[in-house]
Amino acid sequence: MTAAQTRLSFSQNVARMVDKAMPHLDVEIPPGLAEQIKACDKVFQTQFPVQMDDGSYRTFTGWRAVHNEHRLPTKGGIRYAIHVNQDEVVALAALMTYKCAIVDVPYGGSKGGLIIDPKEHSEAEMERVTRRFARELIEAGYISPAANVPAPDMGTGGREMGWIADQYRILRPNDIDHFGCVTGKPVSSGGIRGRVEATGRGVQFVIREFFRHPEDVKLSGLAGELEGQRVVIQGLGNVGYHAAKFLSEEDGAKITCIIEWDGALVDDAGLNVEDVRQHINEQGGVKGYSKAKYIEDGHSCLELDCDILIPAALESQITSDNAANIKAKLIVEAANGPVTFEADQILVEAGKVVLPDAFVNAGGVTVSYFEWIKNITHIRFGRMTRRHEEFRGQRMVEALEMLTGQTLPDEYRKDLTNGVGELDLVRSGLDDTMRNAYQEISRVYHSNDSVNDFRTAAFISALQKIARTSMEMGF
Ligand code: GLU
């Protein structure tokens with residue numbers, strides 16, 4: 001048998017990671033429950049024709065997998081890519097179940113995928129394809145505010161989510177919660193402030209929390225603060241761009257390498273993320289960027305000497321082929337499934353700390369949860385309280401000034417008299433969520449002698465919650 005034949009598929013990789021955690025649960029589970037948790041509940045496949053701008057027809061193939069319905073609705077993005085396949089969608093749906101459990105977002109896991117290259121199509125074609133795919137999913141019961149709520153993923157964004165929301169409203173005009181049928185919508189069409197940056201922001205909050213845990217920093221072999229750490233990032237899409245931007249601009253980390261599909265840029269002094277992003281937007285890739293060294297074999301740059309490696313692009317980037325060459329001490333999985341099961345073992349044995357995808361990139365679904373709550377409550381966060389808080393703050397300032405006979409410095413006055421708005425609340429809720437989850441994972445890791453990696457600790461935390469709910473509610 002060749003190496004390629006023995007390679008695990010994406011969904012088998014995820015299942016192996018779950019198997020590794022299962023024996024460590026602090027709750028006794030009945031025979032058969034472990035299998036039920038791992039199994040994908042259902043997969044819907046559809047093939048449908050759409051007319052192209054030139055009058056011809058093209059047939060598209062798409063899927064929506066529902067992995068686990070221990071909580072409803074189920075949640076997860078819709079991916080548009082040429083390489084999407086059923087196994088990938090099933091694996092990603094499973095990761096959604098574990099992801100939601102890790103960050104205490106009360107959803108089951110789902111995922112969708114459509115074989116399409118968005119770059120090949122006009123906006124009008126994309127709209128027709130998206131509306132038709134949405135119609136198939138709505139009619140089959142795979143989109144609704146109560147049962148299954150999609151969101152953006154690779155190749156999709158606010159534009160597609162807006163079309164899906166509108167399509168649902170057309171087909172279900174009597175559903176008062178229609179906006180809650182999909183998240184990641186434009187803010188002016190039922191979306192929430194802070195959703196676009198949410199996954200990258202969550203990655204930043206995770207790394208900040210890691211550096212607040214000196215025992216974990218020591219474990220990785222790193223030292224000191226986040227400021228000045230050398231970061232290699234793969235993928236400057238929505239997640240990678242925001243993570244790299246916030247880490248460099250707000251925390252003083254140095255982005256020493258950015259890897260993209262057409263090569264990599266390297267600068268030991270630190271790259272200007274905004275500048276590189278602009279170049280990519282204009283040129284379609286990093287090639288031709290003149291202010292840093294360009295390396296054509298971008299993939300090899302995963303092995304560069306650095307402190308933190310953030311794979312924020314595709315799955316299966318670190319495999320048994322290159323894992324032993326990785327120099328970073330901390331690997332932060334911003335993408336879904338960037339490290340294979342076998343590669344993970346190699347990294348952990350080499351003493352690296354790997355913060356797992358199902359936790360690290362959960363910021364997106366966390367803010368999706370906030371958006372869905374906003375949609376089904378039909379009110380923007382902070383709308384009832386903002387002015388009231390401002391009034392209370394103003395009175396506090398007056399009282400302080402009256403009692404002390406002094407004028408409060410402007411910076412304090414501003415903080416006290418500013419009512420909190422939607423974006424502040426979203427960021428605060430996201431920070432709290434990521435920090436709590438980190439603390440729980442770290443606690444499980446340190447309190448269990450036979451667990452030697454953070455991924456297993458994260459899966460233990462998730463599986464315990466899912467098993468308890470399944471036993472309480474029946475499965
Ligand atoms: N596609 C994102 C993920 O993989 C977001 C899912 C969501 O917001 O439902 O986590």
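Residues take their numbers from the sequence shown, with the count starting at 1. Atoms within each ligand, like the ligands themselves, are counted from 1 in listed order.
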Considering all heavy atoms, the nearest Y445-N452 contact: CE1-C, 3.5 Å
The side chain to side chain donor-acceptor pair (under 3.5 Å) partners of Q464 (sequence neighbours excluded) come to none
Could I get the full list of side chain to side chain donor-acceptor pair (under 3.5 Å) partners for D424, not counting sequence neighbours? none
Identify, chain by chain and in numerical order, each protein residue with a heavy atom under 4.0 Å from an atom of ligand 1. K75, G76, G77, M96, K99, K111, A151, P152, D153, R195, N336, G364, V365, S368
Is the H378-F179 ring centre distance short of 6.0 angstrom? no
So, do W372 and Y107 have ring centers that fall under 6.0 Å from each other? yes
Side chain to side chain donor-acceptor pair (under 3.5 Å) against S461, all qualifying residues, sequence neighbours excluded: none
